[in-house]
Amino acid sequence: MSSTDTQAPEQEPEKRKFTFPSALTILAIVTIGVWLLAFLIPAGQYDRNEDGGPIEGTYHRVPSGQSFVDRLNDLFLAPVNGLYGVQDEKTGQVGPDMVGSLYGSAGVFLFVLAIGAFITVVFATGALDRGIARLAHRLRDRGALLIAGVMVVFSLLGTVEGFAEETLGFYGLLVPMMLALRFDRMVAVGTAILGAGVGVMCSTVNPFATGVASSAAGISLGDGIVLRFAMWIVLTAVTIAYVVRYAKRVQKDPSKSIGGFQPGDREQAAQATVGEPPELTRLHKGVLVMVGLVFAFMIFSVVPWSSALSGKADATPYGWELGWSFPQLAALFLVAAVLVGLVARMNEPKLSSTIIQGAADFISPALVIMLARGVTVIMNNSKITDTVLHSIEGVVKGTSSALFAIIVFVVNLPLAFLIPSTSGHATLTMPILAPLADFAGVSRAVVVTAWAAASGWMNLWVPTTAVTIGGVALAKVGYDKYLRFVWPLLAILFVLICGFLALGAAVT
């Protein structure tokens with residue numbers, strides 16, 4: 001028998017598991033796909049009004065005026081144009097060496113990095129973590145109040161700054177505390193995922209959702225804030241009631257638990273909740289006050305108060321209105337990051353490195369915005385944007401304003417699944433969807449709100465988000481069981497969102 005006969009059979013290589021591609025990869029694929037489609041979609045354009053919006057019924061075919069080399073150059077420069085491409089005032093073409101107005105996303109790009117630096121400095125102080133831990137401990141003997149308190153804080157942070165992934169750091173606290181109160185692990189999951197998620201879904205001024213979408217739609221961050229604020233209050237209350245109701249049912253009868261219990265849950269939980277979190281120091285309290293003031297000032301600076309208080313879209317701004325946009329907000333958060341560091345008594349090397357680290361941590365969503373904007377540049381230069389808009393115009397033409405708002409919400413649901421990045425999704429779709437509002441006689445702010453609601457609703461359950469899949473893993477709850485737990489709430493939220501959007505469209 002030869003030596004080869006005695007060798008052990010070769011093991012078959014393990015099959016690689018499919019992993020959903022990152023947002024950057026998806027947008028790179030989308031960029032190439034749109035570039036190829038531009039060869040097939042005929043060029044066309046609308047006549048524009050004084051504000052630059054398309055005039056309904058004026059669409060007509062035009063030559064693209066681009067050679068193959070021009071199109072190849074657009075593909076090559078798409079990321080560059082997505083960041084600082086300039087739109088020529090006469091031809092409408094976008095390029096880095098044109099003369100005209102900025103078309104790229106440089107302002108939003110810097111804003112994302114600035115707020116990333118601010119948030120990272122805040123977390124480096126430990127004030128926010130300790131504040132939430134103290135709240136949870138103080139309410140540890142009042143189960144329903146504990147759930148409501150933590151969910152309100154998570155929802156508030158979600159609606160103003162996109163707080164979501166940060167909830168992953170709180171499962172080590174929430175799981176044993178909920179178990180000690182005779183709840184199950186699913187209550188901890190619902191408190192974290194749904195608490196922050198409903199806030200993001202009703203993003204009032206969330207810069208990574210509403211901020212990016214508003215910029216792409218050509219409106220102020222404060223436009224539509226009244227509708228989103230009303231949605232946030234009602235939907236947060238409904239979500240809290242849903243989780244509390246389930247928690248009380250499990251507390252009364254553990255057999256009603258959907259997630260079940262792990263061996264030793266009761267004993268481990270009792271031991272884990274004995275220790276009391278450290279008290280908030282004067283430094284921590286000062287940081288928390290500063291964070292509240294910064295976000296309150298941001299809201300004040302972007303809200304069009306004259307329009308909000310008078311109900312007239314064209315109302316003359318009050319003398320004290322700031323009317324800030326992304327350049328000013330980027331500067332605000334950079335300055336605020338330094339001030340928080342000084343209040344927290346960080347030394348210069350630590351503060352500098354934390355700001356740099358924060359900007360680095362947020363470079364991914366910033367690049368996603370840049371790539372998504374690059375796609376719209378390809379569509380603009382090949383003159384197919386208006387053609388796509390014209391094809392959708394036929395679908396929504398003749399619909400009521402209420403039905404139009406609901407259609408925008410439903411259309412964005414599959415797009416939110418395919419493009420898991422909220423900022424990339426907004427930058428990619430808003431140039432098409434926002435002008436549709438003009439045709440339907442609806443405020444563009446309603447389209448932004450419908451988009452944000454669709455993106456947030458999907459992110460409450462899709463397995464492509466780290467918040468959901470990571471949360472159930474940390475809590476040791478099966479994803480299938482989480483879906484059983486959450487689907488009735490998803491149905492309720494779906495109906496409520498459609499109602500709010502219909503009302504908002506009718507009012508505006």
Side-chain angles (χ1 to χ4, degrees), residues 21-35 38 71-88 92-98 100-120 162 165 206-219 221 325-331 333-334 356-382 384-385 415-416 418-434 448 451-452 455:
S22 68
L24 290 172
T25 302
I26 291 174
L27 284 171
I29 296 171
V30 169
T31 300
I32 296 173
V34 169
W35 182 76
R71 292 175 183 267
L72 199 60
N73 187 60
D74 278 347
L75 177 62
F76 180 64
L77 291 177
V80 176
N81 283 328
L83 181 62
Y84 64 88
V86 175
Q87 187 169 34
D88 186 272
Q93 293 289 295
V94 176
D97 53 357
M98 298 287 187
S101 57
L102 179 67
Y103 188 90
S105 57
V108 185
F109 185 93
L110 180 58
F111 174 59
V112 169
L113 299 186
I115 198 170
F118 173 75
I119 292 172
T120 303
E165 286 85 354
N206 174 9
F208 304 107
T210 309
V212 176
S214 297
S215 174
I219 61 174
L221 177 60
S325 188
F326 291 101
Q328 294 88 349
L329 292 177
F333 281 104
L334 284 175
I356 293 171
Q357 183 61 50
D361 290 343
F362 281 72
I363 194 68
S364 178
L367 289 175
V368 163
I369 293 169
M370 180 188 74
L371 286 180
R373 191 61 170 170
V375 176
T376 66
V377 171
I378 291 176
M379 296 177 66
N380 175 83
N381 286 358
S382 58
I384 65 170
T385 302
L415 292 175
L418 294 173
I419 309 172
S421 165
T422 54
S423 49
H425 178 193
T427 309
L428 198 62
T429 58
M430 275 302 137
I432 299 294
L433 296 177
V448 171
W451 165 85
S455 178

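Values reported hereafter were calculated over all heavy atoms of this structure, with side chains retained and with hydrogens, waters and symmetry mates removed.
Here the straight-line distance linking atom CG of Leu72 with atom CG of Leu77 works out to 10.0 Å at 0.5 Å rounding. In this structure, CD1 in Ile115 is found 10.5 Å from OG1 in Thr120, a value given to the nearest 0.5 Å.
Partners of Pro327 according to the side chain to side chain contact (heavy atoms under 4.5 Å, CB included) rule, which considers only residues two or more places apart in sequence or in another chain, are Ser325. Partners of Asp88 by side chain to side chain contact (heavy atoms under 4.5 Å, CB included), not counting sequence neighbours, listed by chain and number: Lys90, Thr91, Met98. In terms of the side chain to side chain contact (heavy atoms under 4.5 Å, CB included) criterion, Ile356 has no residue partners (sequence neighbours excluded).
For the pair Arg373 (side chain) and Tyr103 (backbone), a donor-acceptor distance under 3.5 Å is present. Side-chain N or O atoms of Asn380 include one that pairs as donor or acceptor with a backbone N or O of Gly92 at under 3.5 Å. Not a single donor-acceptor pair under 3.5 Å links the side chain of Ser455 to the backbone N or O of Ala452. Side-chain atoms of Asp74 do not come within 3.5 Å of backbone N or O of Ile378 as any donor-acceptor pair.
Here the closest heavy-atom approach between residue Gln93 and residue Asn381 is recorded as NE2-O, 3.2 Å. Pro96 and Tyr84 get closest at one heavy-atom pair: CB-CE1, 3.8 Å. The nearest pair of heavy atoms linking Gly82 to Val377 is N-CG2, 4.4 Å. Taking both residues in full, the closest heavy atoms of Ala38 and Ser382 are given as CB-OG, 3.7 Å, listed atom of the first, atom of the second, then distance. Closest heavy-atom contact between Ala217 and Ala434: CB-CB, 3.8 Å.
With a 4.5 Å cut-off on side-chain heavy atoms, Trp35 and Val375 do not count as touching.
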Table please: side-chain donor-acceptor pairs of residues 357-371 below 3.5 Å, with sequence neighbours left out.
from: Gln357; atom 1: NE2; to: Asp361; atom 2: OD1; distance (Å): 2.7

Could you list the donor-acceptor pairs under 3.5 angstrom formed between side-chain atoms of residues 208-215 and any protein atom two or more places apart in sequence or on another chain?
from: Thr210; atom 1: OG1; to: Ser203; atom 2: O; distance (Å): 2.7
from: Ser214; atom 1: OG; to: Thr210; atom 2: O; distance (Å): 2.7

